[in-house]
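Both ligands and their constituent atoms are indexed starting at 1 by order of listing.
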Amino acid sequence: MSKVSQSASNANGSSTTNSSDIYNIVLLVVDIVVLIVKFWLAIVESIVGLFQTKPQDNVNGKFVLITGTGHGMGKQMALQYAALGATVICWDVNEQTNNQTVKDIKQKGGKAFGYVCNVTKREELMELAQKVRKEHGFIHVVVNNAGIMPCHPLLEHTENEIRLMYDINVVSHFWMIQSFLPDMVERNEGSIVALSSCAGLFGLINLVPYCGTKFAVRGYMAALTEELRQKNPQNNVKLTTIYPYMIDTGLCKNPRYRFPSLFQLISPDVAAASIIQAQREGLEEAAIPRSYLTLEKVGRLIPRKAMRLVNDFVDTGVDTDKY
Ligand SMILES: NC(=O)c1ccc[n+]([C@@H]2O[C@H](COP(=O)([O-])OP(=O)(O)OC[C@H]3O[C@@H](n4cnc5c(N)ncnc54)[C@H](O)[C@@H]3O)[C@@H](O)[C@H]2O)c1
Ligand SMILES: *[C@@H]1O[C@H](CO)[C@@H](O)[C@H](O)[C@H]1NC(C)=O
Ligand SMILES: *[C@@H]1O[C@H](CO)[C@@H](O)[C@H](O)[C@H]1NC(C)=O
C-alpha cells in the first residue's frame, strides 16, 4: 500500500510507464491474491472451529481480579476461579458480603483476598490497583463485573441514578483497564472480561439508560480489540465481552415472560461457569445462553417491522421496579 502511494508522489509528470509502476501493480495483485486466499482460509477455519472444542487456558496458580464479588455472578465466578486453583482478588463496595465470599473460598481450601472498593471513585480505584499489583504481582485476568440496573421508564429516572449507572457500568471499566492493561501488553498475555448484557444487544423497555451502558461496553471493547491488534499484530492479550440474558441474582427484579419454559432465569453459578469458559477459550464475545448472539445477528437481517411482530408475540422483558 505505502509503496503504491510513494510511486504516485514520485510520478513527476512523465508520461512514460517506468518499471517501478509495473512493479507496484504486481505488488498490488499479489496483495489481492493473498487477501482472497487468507479470507477463505479464515472462513474455513471458523467453520471447522464450530465443530471443535477449544482448548481452555489454565488459570491454576494465576491471579484473577473480579469486581462486584459480594453477590451474584461475581461471587460465583470468584468461587469457581478459586476452585480452579486461581488466587482471586475480590473487590466490592459491600465489605460484609465481600468478606463472606473470601471466607467461603478459604473454607473450601481456595486462595482469596478481599478489598473494599467503590469502583466509581477513580482515585481510590487507581490507588488500590497499585497496591494489588505491588502485593500480588501480575494479574492475569481482570473481570469488570460490578453493575447496577435501575429499571423504569426513562422519564422516571433521576439524574443521580443515570450518572451512577454510567459510572459503575462503563466509566469504571476504563480506570480498571488503564490500571491493568499496561502490564498485560508488556508481557503480551492476560485477559480482560467485561459484563455487557443482552441489553447490550437489544433495546429493552424500562432499561433505556441501562441499555446505553451495556451498548457502551460492547462498543469500547470492540474498539479496544482493534487498537490492540493494530499496535501488535501478534497481540495475545484477550478481550472477552459477555452478554448474559436474565440471570437469577435479584438484579432483575420483575422479569416477565409469556413462555417461561423457553426463557427461564439462569442460575448465577451456571452463568459464572459460562463466563469462565468463554474467558479461558479466549472468545471475543459470548452470550449466555450462547445462541443469543446468533439470534441478534439473524434478527438484524430481518426487517424491523417483521422482527417486532415476533418480539410482541414472545412478549418477554422486564417490568418496572417501582411497584
Ligand atoms: N442478573 C442479570 O440478569 C444480568 C443480566 C445481564 C447482565 N448482567 C450484568 O452482570 C453483572 C453482575 O450482575 P449480578 O446480577 O451478578 O449483580 P448483583 O447485583 O447480584 O451483584 C453486583 C455486585 O456488585 C457490587 N457493586 C455494586 N455497585 C458497586 C460499586 N460502585 N463498586 C463496587 N462494587 C459494586 C454489589 O455490591 C454486588 O455485590 C452486572 O454488570 C450486570 O449488569 C446481569
Ligand atoms: C472484613 O474483613 C477484614 C479483614 O479480615 C476486617 O478487617 C473487617 O473488619 C471485615 N469487615 C466486616 C464488615 O466484616
Ligand atoms: C459509590 O460512590 C458514589 C459516588 O461516587 C455514591 O453515589 C454511591 O452511593 C457509592 N456507593 C455505595 C454503595 O456506597
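Between Ile247 and ligand 1, at least one N/O pair is under 3.5 Å apart. Considering both main-chain and side-chain atoms, Asn169 never comes within under 3.5 Å of ligand 1 through any nitrogen or oxygen pair. Close N/O approach between Asp92 and ligand 1 is found [any backbone or side-chain N/O within under 3.5 Å]. Taking any N or O of Val119, backbone or side chain, at least one lies under 3.5 Å from an N or O belonging to ligand 1. Where the criterion is an N or O separation shorter than 3.5 Å, residue side chain and backbone included, Asn118 meets it with respect to ligand 1. Looking at Thr249 next to ligand 1, an N or O pair under 3.5 Å apart turns up. The distance criterion of under 3.5 Å between nitrogen or oxygen atoms is not met by Thr97 with respect to ligand 1.
Remark: ligand 1 atoms within the under-4.0 Å shell around heavy atoms of Tyr245 are 3 (O), 5 (C). Residue Gly72 approaches ligand 1 through these ligand atoms, each under 4.0 Å from one of its heavy atoms: 16 (O), 20 (O). The contact set between ligand 1 and Gly147, taken as ligand atoms under 4.0 Å from a residue heavy atom, comprises 40 (C), 41 (O).
The shortest side-chain heavy-atom distance between Thr249 and Gln76 does not fall under the 4.5 Å cut-off.
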When you check ligand 3 against the protein, what N or O pairs turn up below 3.5 Å? List the atom names and distances, or just say none.
{"from": "ligand 3", "atom 1": "2 (O)", "to": "Asn118", "atom 2": "ND2", "distance (Å)": "2.3"}
{"from": "ligand 3", "atom 1": "2 (O)", "to": "Thr120", "atom 2": "OG1", "distance (Å)": "3.0"}
{"from": "ligand 3", "atom 1": "2 (O)", "to": "Lys121", "atom 2": "NZ", "distance (Å)": "3.3"}
{"from": "ligand 3", "atom 1": "5 (O)", "to": "Thr120", "atom 2": "OG1", "distance (Å)": "3.0"}
{"from": "ligand 3", "atom 1": "11 (N)", "to": "Asn118", "atom 2": "ND2", "distance (Å)": "3.0"}

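Under 4.0 Å from ligand 1, the heavy atoms of Lys214 that appear belong solely to its side chain.
Of all protein heavy atoms, the one lying nearest to atom 29 (C) of ligand 1 is Val93 CG1, 3.7 Å.
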